[in-house]
Amino acid sequence: AQTVTQSQPEMSVQEAETVTLSCTYDTSESDYYLFWYKQPPSRQMILVIRQEAYKQQNATENRFSVNFQKAAKSFSLKISDSQLGDAAMYFCAYKWRNSGYALNFGKGTSLLVTP
Amino acid sequence: EPEVTQTPSHQVTQMGQEVILRCVPISNHLYFYWYRQILGQKVEFLVSFYNNEISEKSEIFDDQFSVERPDGSNFTLKIRSTKLEDSAMYFCASSEARDGWSEQFFGPGTRLTVL
């Protein structure tokens with residue numbers, strides 16, 4: 001079974017600090033893509049960052065970066081200089097060709113940002 | 001910025017009734033998806049749709065469900081005879097292409113409550 005595990009149901013970070021959200025996945029596929037989506041309280045999911053599995057270099061988008069460990073099947077999200085607006089539910093997801101590229105999500109991590 | 005819209009935001013229905021959830025994907029997108037999120041659980045893929053046909057569907061998408069693109073803009077999900085366990089948040093998504101890298105853009109969701 002293709003699964004995505006987010007082991008931290010809730011995380012808390014102080015404003016301006018750095019936080020890392022963990023994600024592991026289980027797949028036998030070689031061609032797949034990994035994503036982090038953010039779901040703010042308004043509940044519209046927004047793409048934060050994405051990574052192709054065959055690329056070694058970790059993706060970065062401004063304050064957001066990933067630590068992709070392919071052998072360990074780990075895809076953690078690091079948020080630097082946390083802001084109040086980062087408070088949201090964060091979902092790790094991946095998709096692969098044989099699934100028709102449907103997104104397979106983890107259960108999510110709720111991130112609280114404190115002033 | 002173009003976005004996916006969904007109506008209604010909240011639908012309450014009696015068990016056994018038919019419901020139609022509506023979505024307007026981003027205008028130049030060709031691939032459409034429905035996902036659902038039961039409260040407290042992960043977001044799950046239901047179905048993908050392209051060129052007026054279902055491309056992929058999950059085990060959840062049984063004969064009670066159907067999808068349609070009745071005109072050039074709307075994309076609908078119909079549940080023929082709702083059950084209590086259909087209560088969930090339903091998300092529509094669209095993408096330009098059906099590949100690993102393409103971003104799926106999500107709507108704000110419709111909360112379906114079955115009584």
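Within every chain, numbering begins at 1; the chains are lettered A, B, ... in the order of the sequence lines, protein sequences first and strands thereafter.
Listed options Phe45(B), Phe105(B), Tyr33(B) were ranked by heavy-atom pairs under 4.5 angstrom with chain A; first place goes to Phe45(B). Annotation: maximal heavy-atom pairing with chain A below 4.5 Å, among Pro108(B), Ala93(B), Gly100(B), occurs at Gly100(B). For chain B, the option among Leu103(A), Asn104(A), Leu47(A) with the highest count of heavy-atom pairs below 4.5 Å is Leu103(A). Interface summary for chain A: among Ser48(B), Gly107(B), Ser55(B), the most heavy-atom pairs under 4.5 angstrom belong to Gly107(B).
Put simply, Ile46(A) and Phe64(A) are part of two different groups of oily side chains (I, L, V, M, F, W, Y) that touch within less than 4.5 Å, one to the next. Residues Tyr90(A) and Tyr25(A) are members of one and the same hydrophobic cluster, defined by side-chain heavy-atom contacts under 4.5 angstrom among Ile, Leu, Val, Met, Phe, Trp and Tyr. Linking Ile, Leu, Val, Met, Phe, Trp and Tyr whenever their side-chain heavy atoms come within less than 4.5 Å leaves Leu112(A) and Met89(A) in two separate clusters.
Looking only at side-chain heavy atoms (C-beta outward), Val43(B) and Met45(A) come within less than 4.5 Å of each other. Within the 4.5 Å cutoff, the side chain of Phe91(A) has heavy atoms near those of the Gln37(B) side chain. Between Arg50(A) and Glu103(B), the closest side-chain pair of non-hydrogen atoms falls below 4.5 Å.
Looking at Gln51(A), the atoms closer than 4.5 Å to chain B (heavy atoms on both sides) all sit in the backbone: N, CA, C or O. Residue contact with chain A, scored on non-hydrogen atoms closer than 4.5 Å, is absent for Gln6(B). Heavy-atom distances place the side chain of Tyr35(B), and not its backbone, under 4.5 Å from chain A. For chain B, no part of Tyr32(A) is nearby; none of its heavy atoms comes within less than 4.5 Å.
Interatomic distance, Thr5(B) OG1 to Gln44(A) CD, rounded to the nearest 0.5 Å: 9.0 Å.
By the neighbour-count criterion of 12 heavy atoms within 6.0 Å, atom NZ of Lys57(B) is sparsely surrounded, having that number or fewer from other residues, nucleotides or ligands. Residue-environment remark: CZ (Arg63(A)) exceeds the threshold of 12 foreign heavy atoms within 6.0 Å. Annotation: Asp71(B), atom CG; neighbour count of heavy atoms from other residues, nucleotides and ligands within 6.0 Å is above 12. Summarising the local packing, CG of Leu39(B) is surrounded by 12 or fewer heavy atoms from other residues, nucleotides or ligands at distances under 6.0 Å. With a 6.0 Å radius and a threshold of 12 heavy atoms from other residues, nucleotides or ligands, Glu59(B) has its CD atom at or below the threshold. Residue Asp62(B) places its CG atom among more than 12 non-hydrogen atoms of other residues, nucleotides or ligands, all under 6.0 Å distant.
For the pair Gln104(B) and Tyr101(A), the tightest heavy-atom approach, listed with the atom from each and the gap, is NE2-O, 3.1 Å. Here the closest non-hydrogen pair linking Lys42(B) and Phe105(A) is CD-O, 3.1 Å.
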